[in-house]
Trainee: 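Mind looking over this structure? Questions follow.
Note that the structure is a prediction, hence the values are computed from the model and not measured. A, B, ... follow the sequence lines: proteins, then strands. Residue 1 opens every chain.
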Amino acid sequence: MPALLEATSLHAGYGETRVLHGIDFAVEQGGVTALLGANGAGKTTTLRAICGMVRTSGQIVLGGERIDGKPTEDIVQRGVAHVPDGRGTFVELTVEENLRLGAYIRKDRAGVSRDFERMFGYFPRLRERYRQQAGTLSGGEQQMLAIARALLLGPKLLLLDEPSFGLAPLIVQEIFDIMHRIREDEGVSILLVEQNASLALEIAEHAYLLETGRIVVSGPAAEIGRDESIRRSYLGY
Amino acid sequence: MEGVLHQVLSGIASGGIYASVALALVMIYQATHHVNFAQGEMATLSTYIALTLINAGLPYWIAFLVTVVVSFILGILIERILMRPMMDAPVLASVGVFIGLLLIINSSTGWMFDYMIKTFPTPFPGGPLLFSGYLSGHELGAFVVTLVVLTAVYLFFRHTKLGLAMRAAAFNPVSSRLVGVRVGWMLALGWGLAAAIGAVGGMMVAPIVYLDPNMMAGILLYAFAGALLGGIDNPLGAVLGGFAVGIIENLAGAYLVGTELKLTVALIIIVAVLVVKPSGLFGRTVLSRV
Ligand SMILES: Nc1ncnc2c1ncn2[C@@H]1O[C@H](COP(=O)(O)OP(=O)(O)OP(=O)(O)O)[C@@H](O)[C@H]1O
Ligand SMILES: [Mg+2]
């Protein structure tokens, strides 16, 4: 089966600053692909490039169709959901309104309310906080809200930017447990950016290692996790 | 005592008009972080359109509706054509554009409709004053109309998907794009709505203050004072602020400074709020963890 997403010699940057120097990668249909790398390697920029949030050159193909150069809204319309760096919570709005926005592009009301219920199955705490202002949620709850908001889009491809960021180990474990369930149940392909390499390699099938805008290692996640020298020189554990 | 009650009631009536213009200001402020100084002139232009339609023989309420729709479209066009290219411009450049817009609309209304002061009809029964003389028919009618408009706007933003998307786009454009909201269009719709609300304000105030190209200058100042008083980033606060300014203005005009100096009351409120509590009485306090 062809890959769901395929990027070829992808360059990206901010104004004069070049961040990605022609990277190639693919996200296979179903399952999880991990994108690892040190601070400032360009992981967040890669996710932004996929969503058309930064200027790019090179090719990005989603399900056989070029999406590079398209406006973000059009890429989202094609089934790409992005849990951004910092979670992107609508802090002034309620939990309910945040979730409704997640389903903004959908017209199937019945399907949406079924999906709301499924999200409450994954994240019961969101039901308890339904009418609360989202800015008052804890960091872990906001991460859950961000994931639920993204899934409500009914995406083909889910981009997750450091879901463990700033969270206590117990909450991180809880969120990764739920992500294991999500990858089984939702039939969505996930591109996961993580600092926590061991957790990411555990959930992913395939992994890429990014260093200052270039991919230096790629391969099956299990192999990368076993490779002592890669672990020591790039992943630091 | 009777006199005070009279002043308060007519303060509430004019306050409704300030409240709707204040709401228009806040809507654009929330989305762009700029005060649209041309909001008043846009409303004046709308009022001239209404007068033209009425003079052409259209029944009042038809002319009213057509004016609201035309103003809505004009608001969208102004955003698309004039404001869009200025989106990322420095603050002073944007202020320049707003003031330029104000002057252009002001002089073109003067040129098209001349500078003569004109009377503007009211759809409400005149004759004997209502509430044993406290309110004129027009004041009461204008109050009801503004209340209907404010309620409709509130319901739209609270309970419709589009209203939610417009709020989201104003608060957090980046996340809004990521859920597929077309942020640019939401901004344009906001301008359209603000122009439509301002048009209603203009048509309601014109029978009281008479129509000329500078009709809204004072009103805009009161509305701005109301918006600041209630909180420039809080629509509900701005509406309450608008009503409060109406009452304060009338009481001060009657008992403190006299009608000639009423406008200074607005200036005093503006300065006082900016000095004492820049976020306004109901300034949005966003609780957020980072
Ligand atoms: N908005 C921006 N404007 C200019 N430069 C930026 C911007 N965002 C990121 N950069 C630069 O791009 C480079 C890559 O940043 P990026 O955020 O993609 O890294 P990252 O791999 O996600 O790092 P982290 O693990 O710290 O999140 C960095 O050098 C950063 O300074
Ligand atoms: Mg990052």
Trainee: What heavy-atom pair brings B:Ala199 and B:Ala43 nearest, and what distance separates the two atoms?
Mentor: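 For B:Ala199 and B:Ala43, the tightest heavy-atom pair comes out as N-CB, 4.4 Å.
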Trainee: Check the pair A:Ile23 / A:Phe25 against side chain to side chain contact (heavy atoms under 4.5 Å, CB included), numbers first and verdict last.
Mentor: CA-CA 7 Å; A:Ile23 61 173; A:Phe25 64 94; 3.7 Å; yes
Trainee: Taking NZ, NE, NH1 and NH2 as the nitrogens, is one of them in A:Glu92 or B:Arg167 under 4.0 Å from a carboxylate oxygen of the other?
Mentor: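 Salt bridge absent between A:Glu92 and B:Arg167.
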Trainee: Which of residues 18-28 of chain B have a heavy atom under 4.5 Å from any heavy atom of chain A?
Mentor: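 So far as heavy atoms go, nothing in residues 18-28 of chain B approaches chain A to under 4.5 Å.
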Trainee: Are the charged groups of A:Asp115 and A:Arg106 less than 4.0 angstrom apart, N to O?
Mentor: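 Yes, charged N to carboxylate O under 4.0 Å.
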Trainee: What part of A:Glu97 gets closer than 4.5 Å to chain B, counting heavy atoms only: side chain, backbone, both or neither?
Mentor: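 Answer is both: backbone and side chain atoms of A:Glu97 are under 4.5 Å from chain B.
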Trainee: Can you pull out the residues in residues 175-192 of chain B with any heavy atom less than 4.5 Å from chain A?
Mentor: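 Listed by number: B:Ser175, B:Ser176, B:Arg177, B:Leu178, B:Val179, B:Gly180, B:Val181, B:Arg182, B:Val183, B:Met186.
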Trainee: Please output the residues of residues 67-76 of chain A in contact with chain B, using a heavy-atom cutoff of under 4.5 Å, in numerical order.
Mentor: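 Those residues of residues 67-76 of chain A which have a heavy atom under 4.5 Å from chain B are A:Thr72, A:Glu73, A:Asp74, A:Val76.
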Trainee: Of the non-hydrogen atoms in A:Ser138 and A:Glu141, which two are nearest, and what is the gap between them?
Mentor: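 In this case the closest contact between A:Ser138 and A:Glu141 is N-OE1, 2.9 Å.
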Trainee: What part of A:Leu93 is in contact with chain B, defined as an atom under 4.5 angstrom from a non-hydrogen atom: side chain, backbone, both or neither?
Mentor: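 Side chain only.
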Trainee: CZ/A:Phe90 to CG/A:Leu101 distance, rounded to the nearest 0.5 angstrom?
Mentor: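 Reported to 0.5 Å precision, the distance equals 5.0 Å.
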Trainee: Does any heavy atom of chain B fall under 4.5 Å from the side chain of A:Ala150, the backbone, both, or neither of them?
Mentor: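 For A:Ala150, no heavy atom lies under 4.5 Å from chain B.
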Trainee: Looking at every heavy atom in both A:Thr89 and B:Asn172, which two are closest together, and how far apart are they?
Mentor: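 Looking at all heavy atoms of both residues, the shortest contact is O-ND2, 3.3 Å.
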Trainee: So, does A:Arg100 use its side chain to make a donor-acceptor pair with the main chain of B:Leu164 at under 3.5 Å?
Mentor: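 Side chain of A:Arg100 to backbone of B:Leu164, a donor-acceptor pair under 3.5 Å: no, none is there.
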Trainee: How long is the straight-line distance from CG of A:Leu158 back to CZ of A:Arg183, given to the nearest 0.5 Å?
Mentor: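 Interatomic distance, A:Arg183 CZ to A:Leu158 CG, rounded to 0.5 Å: 12.5 Å.
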Trainee: Quick test of your reading of the model: are A:Glu6 and A:Arg66 salt-bridged, counting only N-O distances below 4.0 Å?
Mentor: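 Looking at A:Glu6 and A:Arg66, the cut-off is not met.
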Trainee: Enter the distance from B:Asn36:CG to B:Glu79:CD here, rounded to the nearest 0.5 Å.
Mentor: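 With rounding to 0.5 Å, CG (B:Asn36) is 11.0 Å from CD (B:Glu79).
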Trainee: If you apply the rule side chain to side chain contact (heavy atoms under 4.5 Å, CB included), what do you find for B:Phe72 with B:Ile76, and how did you get there?
Mentor: CA-CA 6 Å; B:Phe72 178 76; B:Ile76 289 183; 3.6 Å; yes
Trainee: Determine, stepwise, if the pair A:Leu160 / A:Met179 fulfils side chain to side chain contact (heavy atoms under 4.5 Å, CB included).
Mentor: CA-CA 11 Å; A:Leu160 286 175; A:Met179 275 168 43; 3.9 Å; yes
Trainee: Of all heavy-atom pairs between B:Gly163 and B:Phe157, which one has the smallest distance, and what is that distance?
Mentor: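 Heavy atoms only, the tightest pair is O-CD2, 3.6 Å.
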Trainee: Any donor and acceptor pair, going by atom type alone, linking the side chain of B:Gln30 with main-chain N or O of B:Asp233 inside 3.5 Å?
Mentor: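 Yes: the side chain of B:Gln30 pairs with the backbone of B:Asp233.
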Trainee: How many angstroms lie between atom CD of A:Glu96 and atom CZ of A:Phe116, to the nearest 0.5 angstrom?
Mentor: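 If we round to the nearest 0.5 Å, A:Glu96:CD and A:Phe116:CZ are 6.5 Å apart.
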Trainee: Find the distance between NZ (B:Lys161) and OH (A:Tyr104) and round it off to the nearest 0.5 Å.
Mentor: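 Those atoms lie 7.0 Å apart.
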Trainee: Look up atom CG in A:Leu167 and atom CD in A:Glu174, then write down how far apart they are to the nearest 0.5 Å.
Mentor: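 Rounded to the nearest 0.5 Å, the CG-CD separation comes out at 10.0 Å.
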Trainee: Using non-hydrogen atoms and a limit below 4.5 Å, what part of residues 32-64 of chain A faces chain B?
Mentor: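 Only A:Cys51, A:Met53 of residues 32-64 of chain A have a heavy atom under 4.5 Å from chain B.
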